[in-house]
Each structure stands twice: as structure tokens, then as C-alpha cells.
Q: 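Sharing a structure here in C-alpha cells format.
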Amino acid sequence: MLSLSIASPGTAVTFLRGNASATSTSSSFHGVRIQHQVASRVPAATVSSSRKPMAAKVVMMSKREAELKDIRAKTTEELNEEVIDLKGELFMLRLQKSARNEFKSSDFRKMKKQVARILTVRREREIEEGIGKRLSRKLDRQWKKSIVVRPPPSLKKLQEEEAAEEAAEAAKSA
């Protein structure tokens, strides 16, 4: 808040802006008095830092724990295959975004987090086996070179649906 008063001998004119009830600090300069109104602030401890209620956080944490159990139950080869599939799905999403097709932007974040969780479990297993960071990166580079490129599951599903539609149309016309 800002308050401005012009002081001259015998008269004083005050211009107020905002609420004048708050605490003020002032300074004067050649007869012009400037007051800054400082509003009192609510302590940070009373303001909640999160947007979601506590029950929603607990549900999300339990979902995450269940998801991690599922990931840990898989073999390393299955995890590698799932990483390849998820990375392919991310690529498809990027293509849809660049082509300005409809897509769910939240899928980017979900898939990235899923890939990160899988890679974390993979690294945990490497640590249990005693594989160091340097050797892990070397093995990872070798694994990436050995990947055979294949279409992601969503694209396979689309192709199968299109083939089924074409077969249905061919059956109708015959």
C-alpha cells in the first residue's frame, strides 16, 4: 500500500492507495512524505504447502508401492522389454504432439516416471550383484546397442484394429 502526502507550511494533503490500517514505514524527501503500507503476513506454518489432501497422498503412495511390487516381481529381461516398449510409446506421443494430433499430455509424465522406476529397480539389482557404476554404464551401452527396433504396443494395436476393420469391410462386400 502506498500513501503520499505533500507537506507545506500550514497544509497537508494525503493521497491514500489501498488499506491504511496496516503497519507503515515512512521516509521523507524535500517536503514530500512517502509512506509504504506493509501488510501483516500469515506465518508459513499455517499455510498448507501442498494442494492435495492427505488422503489423496496416501492413496497415491499405496498405488506407487503396489506398482513397485509388480516391477520387482518381474525378471530383468522383462524389465528391459518394458523399458523398450515405454520408450517406443514416448516416441509415439512425441510424434502425435508434433503432428498436432490429440493426445493426453499427462501420459508423458506417467511414462517417464514408469521408465525411471523400472531403471531404478534394475540398478538396485545391479548393486546387489556388486556391479559398480562404471561397469553398469558399460553394460547399459552394450544393451542399448543390442536393442532391435520394433513398433510400440500402441502402434501394433492400431495396425491390428485397422486390419480387422479392412477384413470386416472385405467380408461385407464379398
Q: Are R150 and D85 side-chain neighbours, meaning at least one heavy-atom pair lies under 4.5 Å?
A: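 Touching, per the 4.5 Å side-chain cut-off.
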
Q: Would you say L90 and I118 are hydrophobically clustered, going by side-chain heavy atoms of ILVMFWY under 4.5 Å?
A: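 Same cluster: L90 reaches I118 through Ile, Leu, Val, Met, Phe, Trp or Tyr contacts under 4.5 Å.
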
Q: Taking atom CG of L86 and atom CZ of R117, what is their separation to the nearest 0.5 Å?
A: 11.0 Å

Q: Got a salt bridge between E128 and R125, using NZ or NE/NH1/NH2 to carboxylate O under 4.0 Å?
A: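 No, E128 and R125 are not salt-bridged.
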
Q: Any side-chain heavy-atom pair from W143 and I84 closer than 4.5 angstrom?
A: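 Result yes, sub-4.5 Å side-chain heavy-atom pair found.
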
Q: Check for me, please, whether M111 and L119 land in the same ILVMFWY cluster - side-chain distances under 4.5 Å, paths through other members count.
A: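 The answer is yes; both residues are in one hydrophobic cluster.
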
Q: Drop me the distance from L79's CG to E81's CD, to the nearest 0.5 angstrom.
A: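 Output value for this atom pair is 10.0 Å.
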
Q: Please give me the minimum heavy-atom distance between L93 and F103, naming the atom from each residue.
A: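 That closest heavy-atom pairing would be CD2-CB, 4.1 Å.
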
Q: Would you give the length of the straight line joining atom CG of L158 to atom CE of M92, rounded to the nearest 0.5 angstrom?
A: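 Answer rounded to 0.5 Å: 7.0 Å.
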
Q: If you take all heavy atoms of P151 and K156, which pair is closest and at what distance?
A: O-CE, 3.3 Å

Q: Can you confirm whether S106 sits close enough to K110 that some side-chain heavy atom of one is under 4.5 Å from a side-chain heavy atom of the other?
A: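 Yes. Closest side-chain heavy atoms under 4.5 Å.
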
Q: Nearest 0.5 Å, please: how far is CG in N80 from CD1 in I147?
A: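 If I round to the nearest 0.5 Å, the distance is 8.0 Å.
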
Q: Say you draw a straight line from OG of S136 to NZ of K138; how long is it, rounded to the nearest 0.5 Å?
A: 12.5 Å

Q: List the atom of V115, the atom of K87, and the distance in Å for their closest heavy-atom pair.
A: CG1-CE, 4.0 Å

Q: Between V121 and K74, is any pair of side-chain heavy atoms under 4.5 Å apart?
A: no

Q: Do I71 and Q114 touch side chain to side chain, with heavy atoms closer than 4.5 Å?
A: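 With C-beta onward as the side chain, the pair touches.
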
Q: Look up atom CD in Q96 and atom OG in S98, then write down how far apart they are to the nearest 0.5 Å.
A: 9.0 Å

Q: Say whether F108 and F91 are linked into one hydrophobic cluster, either directly or through other cluster members, by side-chain heavy-atom distances under 4.5 angstrom.
A: no

Q: Hey, mind stepping through R109 and K104 against side chain to side chain contact (heavy atoms under 4.5 Å, CB included) and telling me if it holds?
A: CA-CA 10 Å; R109 185 175 181 202; K104 290 174 70 176; over 6 Å; no

Q: Quick one: are D140 and R122 in side-chain contact, heavy atoms under 4.5 Å?
A: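 Yes; the side chains approach each other to less than 4.5 Å.
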
Q: Could you walk me through whether E126 and R123 pass salt bridge (charged side-chain N to carboxylate O under 4.0 Å, His left out), step by step?
A: CA-CA 5 Å; E126 289 176 351; R123 180 64 184 135; 3.3 Å; yes

Q: Is it the case that over 12 heavy atoms from other parts of the model lie below 6.0 angstrom from the NZ atom of K97?
A: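 For K97, atom NZ is not crowded (no more than 12 foreign heavy atoms under 6.0 Å).
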
